[in-house]
Amino acid sequence: MARQIGPIWVEPRELRLPPQTGGSRLFCWEANMKPMEKYEESDLYRIRHSAAHVMAQAVMERFPGQSKIAIGPPIEDGFYYDFDLPRPLTPEDLEAIERRMREIIAEDLPFTRQAISADEARRLFADQPYKLELIDGLEQGGLDEYGEPLDEKPEISTYTHGPFADLCRGPHIERSGQINPAAVKLMNVAGAYWRGDEKRPMLQRIYGTAWKTAKELEEHLARLEEAKKRDHRKLGAELDIFVFDEEVGPGLPLWLPNGGILIEELERLAKEMELRHGYDRVRTPHLSKEALFVHSGHLPYYAESMYPPMELEGVRYYVKPMNCPMHHKIFAARPRSYRDLPLRLAEYGTCYRFEKSGELFGLMRVRSMQMNDAHIYCSEEQFESEFMAVIGLYHEYFRIFGIEKYVMRLSTHHKRGLGKKYVDDERLWLKTEDMVRQAMQRGGVPFVEAADEAAFYGPKIDVEIWSATGREFSLATNQVDFAQPARFELKFTNAQGQEETPLCIHRAPLSTHERMVGFLIEHYAGAFPVWLAPLQAIVIPIADRHLEYGRRTAERLVAAGVRAQVDEGSERMNAKIRAAQLKKIPYMLVVGDRESQAGTAALRLRSGEDQGAVPVDEFIARLRREIEARA
RNA sequence: GCCCUCAUAGCUCAGUCGGUAGAGCACACCCUUGGUAAGGGUGGGGUCAUGGGUUCAAAUCCCAUUGAGGGCUCCA
């Protein structure tokens with residue numbers, strides 16, 4: 001049942017569809033706030049779902065009697081199927097499986113659905129342990145194929161084509177011949193835990209893609225190629241933004257001068273913005289005694305992600321994985337009155353988290369990070385306006401960067417108990433989640449909800465984005481904390497002279513420098529707007545006799561606060577232009593005889609546009625305006 | 001952390017059946033002094049990721065370690 005949240009239509013079932021991809025969430029946002037297309041009811045969904053079954057048949061035939069099959073759903077742009085096989089699959093296996101799939105498609109086998117009882121299903125899949133587990137889940141617990149709870153007890157059904165029968169709720173195409181053999185391709189094999197649980201067996205997952213036409217497949221593959229060119233890891237190296245060094249360690253980026261400029265420009269932006277929004281800037285140490293993290297409650301929840309303690313003079317110290325406890329101590333350092341609230345403490349705090357080695361990913365997931373952090377201490381009455389002011393801040397930032405493709409996600413606690421992941425206070429969970437939900441709805445801000453994604457201390461709104469590789473990341477975050485202020489006994493005196501515990505909002509609209517820069521590299525494909533561009537203008541003298549004028553021109557630019565250089569190399573002008581293009585420098589100032597006599601420069605944009613001779617003074621004034629406007 | 005794959009010059013890569021290394025780009029120097037995406041020449045640069053093993057002989061085969069990539073899990 002679709003329902004409207006703010007101006008966006010959201011269908012809860014759809015959001016849960018492939019938990020592995022986040023694809024459907026992207027889908028609904030790109031629908032531009034119109035009711036979302038029902039992927040589950042589309043032809044492509046059926047084609048992909050059926051292609052997964054055809055693939056499973058081919059795999060089972062290749063390992064007769066030795067293939068245990070798990071699940072094989074459609075996902076964004078394709079499908080997968082998980083198998084437990086006697087040996088790892090090779091590229092040759094994939095080719096053979098793909099060939100066999102085409103044969104099965106050519107056989108034009110009908111897909112037939114049959115509703116059966118749980119016992120019949122158990123007999124049918126007697127030698128398929130994963131299917132038996134699914135049947136139990138469907139019958140008893142009302143769990144779907146991902147192990148998520150279902151509202152109602154579903155009917156158990158199978159879909160059969162030729163010799164292959166699968167436990168499946170469908171839907172499918174009518175005949176295997178409806179899959180276009182020229183529009184199917186197996187992509188890669190990967191490991192995946194059964195039911196996404198790292199304690200369960202590791203299965204082999206084959207990813208495939210399927211489209212209606214060969215042309216669509218081709219276009220999809222071309223899109224993947226294009227995306228690879230945007231990959232921040234590739235562009236980051238080409239544009240001299242950052243490097244990783246084996247001796248420094250994984251997940252510990254070294255920022256090159258160009259990266260340093262990006263970081264400083266972002267910090268400058270954050271400082272201006274936070275000053276305007278009433279934040280106070282503070283600075284706190286990189287490490288503290290263990291006691292602080294015991295007090296905050298982080299240690300039991302977070303120890304695995306922290307670098308191990310170092311012990312000196314009998315005291316254990318931890319490098320901080322987050323800044324909040326330090327900010328809480330600043331709040332606690334003085335008696336606070338309601339007149340001090342809201343108190344907004346901001347810092348680009350440097351944190352270290354020991355992310356598991358396999359989780360590292362370029363700049364998007366690192367072990368050392370500088371976080372655009374702030375903690376807002378406020379009363380319950382102030383909560384909504386403070387929380388929504390942060391959301392407003394997001395929007396301001398996103399307008400500056402032209403970020404349009406994102407989803408705001410309300411992350412809540414798990415409905416089936418708090419367990420060890422969450423602070424144990426169901427009432428406060430429900431209360432704060434409702435506060436956030438209502439604030440967002442009243443503010444007319446579209447969002448989707450995700451259970452079991454909250455921070456341990458409270459619900460949050462995360463802004464989800466996608467890297468060029470299609471992986472999903474939280475960029476900004478805006479979190480409610482109902483637990484830590486009480487743990488730290490933070491108090492303020494209210495207007496009635498009584499002591500009250502404030503709420504705390506944790507927020508990071510610009511994420512970490514690492515993830516933000518990684519995201520921006522891909523967002524702009526390396527062609528940063530002028531205000532961010534590490535080198536804003538390059539002067540290109542045509543011949544040596546123009547070098548002097550070129551240097552003077554560059555000096556004037558630098559004196560005006562522009563990041564400019566002169567290309568003194570002995571290559572031809574064409575080669576210099578090419579080099580500047582590859583570095584995506586916004587402005588190229590070509591100077592030769594005509595320009596040095598007239599005091600001008602021939603202006604070329606990285607778009608390729610030639611604007612002809614422009615007086616240097618005029619160019620500087622224009623560039624200054626552009627930089628200041630952060631256009 | 002787990003499954004799979006990979007590691008040759010700063011970068012992109014070649015190197016057959018084991019016989020101890022090569023190209024283009026980049027860099028340096030020289031020539032060229034040019035009008036909007038690569039002018040020419042010469043040269044420097046690699047203990048073939050690291051450590052073991054097999055072998056008369058290892059970039060090549062085997063093992064381990066480190067790092068990277070595709071996923072899973074986890075997350076700013």
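Basis for what follows: all heavy atoms, side chains included, without hydrogens, waters or symmetry-related copies. Keep in mind the model is a prediction, meaning the values are calculated, not measured. Lettering of chains follows the sequences in order, A, B, ..., and the numbering in each one begins at 1.
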**Within 45° cone and under 6.0 Å: A:R367 NZ/CZ vs A:Y352 ring** = no
Measure from the side-chain heavy atoms of [X] and tell me the nearest of [options].
X      : options                : result
A:K356 : B:rG70, B:rA76, B:rG1  : B:rG1
A:P250 : B:rU66, B:rA68, B:rA76 : B:rA68
A:R353 : B:rG70, B:rC75, B:rC72 : B:rC75
A:F361 : B:rG70, B:rC75, B:rA37 : B:rG70
A:M369 : B:rC72, B:rG70, B:rA76 : B:rA76
A:V366 : B:rG71, B:rA37, B:rA76 : B:rA76

Distance flag, aromatic centroids of [Y] and [X], threshold under 6.0 Å:
X      : Y      : result
A:F63  : A:F83  : no
A:F473 : A:F361 : yes
A:H298 : A:Y318 : no

**Request:** Return yes if a side-chain donor-acceptor contact under 3.5 Å exists between A:T512 and A:Q370, otherwise no.
**Result:** no
**Message:** Any donor-acceptor pair under 3.5 Å linking the side-chain atoms of A:D593 with those of A:H546?
**Reply:** yes
**Distance between C1' atoms of B:rG70 and B:rA58 (Å, rounded)** = 30 Å
**Item:** Spacing of the P atoms in B:rG10 and B:rC48 (rounded, Å)
**Value:** 13 Å
**Request:** Mind calculating the distance between CD (A:E304) and C1' (B:rG1) to the nearest angstrom?
**Result:** 9 Å
**Message:** Between P on B:rC4 and CE on A:M202, what's the gap in Å once rounded to a whole number?
**Reply:** 9 Å
**Asked** Looking for any heavy atom pair under 4.0 Å, which part of the strands does A:S474 touch: base, sugar-phosphate only, or nothing?
**Response** sugar-phosphate
**Message:** Taking any heavy-atom pair under 4.0 Å as a contact, classify A:L475: base, sugar-phosphate, or nothing.
**Reply:** sugar-phosphate
**Fill in**
Letter by letter from the 5' end, nucleotides 30-36 of chain B scores (B base, S sugar-phosphate only, - none; protein heavy atoms under 4.0 Å) -BBBBBB
**Complete:** Judged by nearest nucleotide, the residue sitting upstream toward the 5' end of RNA chain B, A:R606 or A:E198, is A:R606
**Prompt:** Of A:E246 and A:L89, whose nearest nucleotide on RNA chain B comes first from the 5' end?
**Reply:** A:L89
**Asked** How are the rings of A:F242 and A:F244 set relative to one another: parallel (under 30°), tilted (30 to 60°) or perpendicular (over 60°)?
**Response** perpendicular
Under 3.5 Å, is there any donor-acceptor pair linking the side chain of [X] to the base of [N]?
X      : N      : result
A:Y193 : B:rG71 : no
A:R365 : B:rC74 : yes
A:E355 : B:rA76 : yes
A:S511 : B:rA76 : no
A:R200 : B:rC2  : no

**Non-hydrogen side-chain atoms of A:I206 and A:M55 separated by less than 4.5 Å** = yes
